[in-house]
Amino acid sequence: MAIWAQTPHRLSNPNPNLSLRSSLLLAVAVSICLVWGTLFLVPFHSARNAASTFSFSSANISTDRFFLNLRFPHRRVLAVKTDPLRVRIDQIRKQAADHAGLASAYASYARKLKLENSKQLRLFAEISRNFSLLISDHRHLLEAVSPIDEPSLRRFERDVKDRIRAARILITDAKESFDNQLKIQKLKDTIFAVNEQLTKAKKQGAFSSLIAAKSIPKSLHCLAMRLMEERISHSDRYGDPESPPPALENPRLYHYAIFSDNVLAASVVLNSAVKNAKDPSKHVFHVVTDRMNLGAMQVMFKLKDYAGAHIEVRAFEDYKFLNSSYVPVLRQLESANLQRFYFENKLENATKDTTNMKFRNPKYLSMLNHLRFYLPEMYPKLHRILFLDDDVVVQKDVTALWKIDMDGKVNGAVETCFGSFHRYAQYMNFSHPLIKQKFDPKACGWAYGMNFFDLDAWRKEKCTEQYHYWQNLNENRTLWKLGTLPPGLITFYSTTKPLDKSWHVLGLGYNPSISMDEIQNAAVVHFNGNMKPWLDIGMNQFRPLWTKYVDYDNEFIRLCNFGA
């Protein structure tokens with residue numbers, strides 16, 4: 001009986017260990033489910049109940065924040081359940097606002113690039129405005145408290161996408177143009193900055209060049225001082241004769257006028273003219289300087305014979321008619337306005353007008369420059385005279401000038417105009433009614449430096465009176481900028497006879513491109529400009545034309561270290 005009772009038990013549960021293991025696993029699983037259910041369901045239930053009766057404050061739910069001494073995060077209903085339509089409309093609104101800002105930025109940049117009239121500027125401004133209007137029209141969807149209508153949301157999204165597509169197409173098309181405009185604008189800015197630097201450098205360069213050109217080199221100062229020392233030490237050797245030689249007033253001889261305060265330059269002019277003259281004994285040179293340089297000039301021109309040529313050296317102060325009551329320039333020099341213009345010590349006076357900076361040099365109101373307008377009074381017994389600047393070199397015999405038929409004209413000069421350059425309009429103020437009425441702005445200009453004057457015709461035409469009239473009118477510098485060429489152009493406006501260009505070649509003091517053939521064929525070459533041959537800044541290719549007439553055998557020149 002006992003055996004029979006055990007048999008069914010073994011058949012129904014042959015492995016008692018397996019049954020026990022299964023029971024344990026089941027118990028563990030149930031326990032885990034209970035624990036997790038308690039952790040998540042109970043706080044959620046408490047939070048939901050609290051939301052229906054209380055506000056979401058930490059005091060109301062403090063009892064739900066711990067369970068079995070385990071801390072869990074504070075969860076709210078809105079964090080657990082978010083409206084997907086609200087998220088979607090926020091994304092659409094952000095995309096619309098971003099593209100509206102992008103279009104507005106492109107429109108603003110187009111204005112900066114000065115594209116106000118361009119099609120792209122109008123399109124970008126219109127797209128930006130359309131985005132703003134679209135967002136404004138759908139403001140009811142964007143408000144957080146308002147319910148969201150899904151069909152309206154779809155229409156809003158479709159409209160936004162259409163505008164975004166149009167904006168992207170426009171940006172793609174305009175990108176290359178904007179990049180080019182950016183490069184152009186940067187290039188313009190760079191060019192403007194470089195031009196500013198260039199203008200500043202030009203002003204500084206012009207001022208420095210003016211100082212270099214108008215300053216007296218040490219060697220020239222040395223020469224003048226040594227010659228003056230010689231004049232003082234041996235005054236008996238260099239005194240003026242008791243009566244002037246008859247040749248000085250003989251109208252049948254060839255007379256030259258040289259007005260200078262540069263003893264070396266004047267000697268080169270005289271040396272070159274004598275050396276190339278066929279018969280120097282028939283040539284008379286009237287050298288006029290100022291009182292300060294008179295002694296040095298007297299010594300220089302009495303140290304050698306000059307092949308029988310006649311030389312007169314005087315100071316312009318010796319001509320008593322040259323006083324402020326007769327000469328407008330001397331009277332104007334006494335005015336406070338002109339003295340302030342020339343001598344007031346202000347940097348802007350020197351650099352604000354680089355084009356006419358040289359005219360601020362007081363030498364342009366010096367009587368040595370304006371003596372050329374008084375030749376008939378200075379030499380009343382002469383009929384014709386050749387005027388030479390002190391920066392010229394005579395390369396040929398020029399006596400053929402005295403054989404030219406002047407056709408009743410006063411001034412024989414080489415014209416300098418070509419194209420629109422060196423016309424009267426460049427020298428005078430044609431906005432002034434007097435200038436505009438009396439002169440042709442396209443009239444051809446000519447140059448001082450080598451001028452052949454018929455003094456009889458001068459007296460007949462009363463040219464000096466004409467010069468006084470216009471010089472008095474220009475006291476305030478309203479007709480021309482100063483200097484002697486503008487009043488010369490005015491004085492001899494209808495009384496100038498053009499000479500062949502081979503008589504007078506200009507520009508050796510500023511133009512390095514003058515051909516040597518033209519120079520060699522010239523009777524007179526002119527170192528007009530700042531690069532004078534006696535200065536270190538002189539052009540080396542032209543300097544030998546001048547230095548070959550420097551008298552290096554002169555002991556005073558050797559003592560002052562003039563290089564051969």
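Throughout, numbering of the chain's residues begins at 1 and tracks the sequence.
A donor atom on one side chain and an acceptor atom on the other are found under 3.5 Å apart for Asn323 and Ser325. Checked by atom type, the side-chain pair Asp279/Tyr254 shows no donor-acceptor distance below 3.5 Å. Between Tyr306 and His283, the side chains place no donor N or O within less than 3.5 Å of an acceptor N or O (distance only, hydrogens not considered). Side-chain contact check for Tyr319 and Glu377: no donor-acceptor pair (N or O, by modelled atom type) lies under 3.5 Å. No donor-acceptor contact under 3.5 angstrom links the side chains of Gln426 and His422, judged on distance only. Remark: the Tyr379 side chain and the Glu312 side chain contain no N/O donor-acceptor pair separated by less than 3.5 Å. For the residue pair Ser260 / Asn262, no side-chain donor-acceptor distance below 3.5 Å is found, with atom types taken as modelled. A donor atom on one side chain and an acceptor atom on the other are found under 3.5 Å apart for Asp397 and Thr399.
A 4.5 Å side-chain heavy-atom check between Val329 and Phe373 finds every atom pair outside the cut-off. Within the 4.5 Å cutoff, no side-chain heavy atoms of Tyr549 are placed close to those of Val274. The shortest side-chain heavy-atom distance between Phe259 and Asp390 does not fall under the 4.5 Å cut-off. Side chains of Glu196 and Thr199 form no contact here, defined as non-hydrogen atoms less than 4.5 Å apart. Between Leu479 and Ile490 there is no side-chain heavy-atom pair separated by less than 4.5 Å. Counting only heavy atoms from C-beta outward, the side chains of Asn561 and Ser219 never approach each other to under 4.5 Å. Annotation: side chain of Leu382 is not in contact with side chain of Leu375 (no heavy-atom distance under 4.5 Å). Side-chain contact between Leu434 and Leu473: present, with at least one pair of heavy atoms (C-beta onward) separated by less than 4.5 Å.
Summarising the geometry of Val392 relative to Gly449, their closest heavy-atom pair is CG1-O, 3.7 Å, with the distance given to 0.1 Å. The minimum heavy-atom distance linking His370 with Gly483 is given by the pair CE1-O, 4.3 Å. Shortest non-hydrogen contact noted between Leu294 and Val313 is CD1-CG1, 3.8 Å. Across all non-hydrogen atoms, the minimal contact from Met367 to Val327 is SD-CG1, 3.7 Å. Nearest heavy-atom pair, Leu227 versus Met300, reported as atom, atom and distance to 0.1 Å: CD1-CE, 3.9 Å. Minimum heavy-atom separation, Asp290 to Asp261: OD2-CB, 4.0 Å.
The aromatic ring centres of Tyr256 and Trp402 sit less than 6.0 Å apart. Taking the six-membered ring wherever Trp is involved, the centroid distance between the rings of His504 and Tyr448 does not fall below 6.0 Å.
Partner His286 forms a side-chain hydrogen bond (donor to acceptor under 3.5 Å, both in side chains) with one of Arg314, His310, His255 and no other, that one being His255. Exactly one of Thr491, Thr464, Thr495 qualifies for a side-chain hydrogen bond (donor to acceptor under 3.5 Å, both in side chains) with Trp458. That residue is Thr464. For the side chain to side chain contact (heavy atoms under 4.5 Å, CB included) with Arg231, the lone residue among Arg226, Met297, Gln298 that qualifies is Gln298.
Under the 4.0 Å criterion applied to side-chain N and carboxylate O atoms, Asp389 and Arg372 are assigned as salt-bridge partners. The pair Glu230-Arg237 meets the salt-bridge criterion, with a side-chain N (NZ, NE, NH1 or NH2) lying under 4.0 Å from an Asp/Glu carboxylate O. Taking a cutoff of 4.0 Å between a charged side-chain nitrogen and a carboxylate oxygen, Arg558 and Asp553 do not qualify as a salt bridge. For Lys186 and Asp189, the salt-bridge test fails: no basic side-chain N is under 4.0 Å from an acidic carboxylate O.
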Step-by-step salt bridge (charged side-chain N to carboxylate O under 4.0 Å, His left out) determination, Asp456 to Arg384: CA-CA 8 Å; Asp456 292 332; Arg384 292 187 172 191; over 6 Å; no
Passes side chain to side chain contact (heavy atoms under 4.5 Å, CB included), Asn411 versus Phe453? Steps please. CA-CA 5 Å; Asn411 173 33; Phe453 290 109; 3.5 Å; yes
Quick one: do Lys409 and Thr496 satisfy side chain to side chain contact (heavy atoms under 4.5 Å, CB included)? Show the steps, please. CA-CA 6 Å; Lys409 304 294 185 181; Thr496 296; over 6 Å; no
Stepwise, does the side chain to side chain contact (heavy atoms under 4.5 Å, CB included) test hold for Trp470 with Ile435? CA-CA 10 Å; Trp470 289 102; Ile435 296 292; 4.2 Å; yes
Can you check side chain to side chain contact (heavy atoms under 4.5 Å, CB included) on Leu508 and Leu545, steps first, answer last? CA-CA 10 Å; Leu508 278 70; Leu545 300 170; 3.7 Å; yes
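Looking at Asn276, its side chain does come within 3.5 Å of a backbone N or O of Val394 through a donor-acceptor pair.
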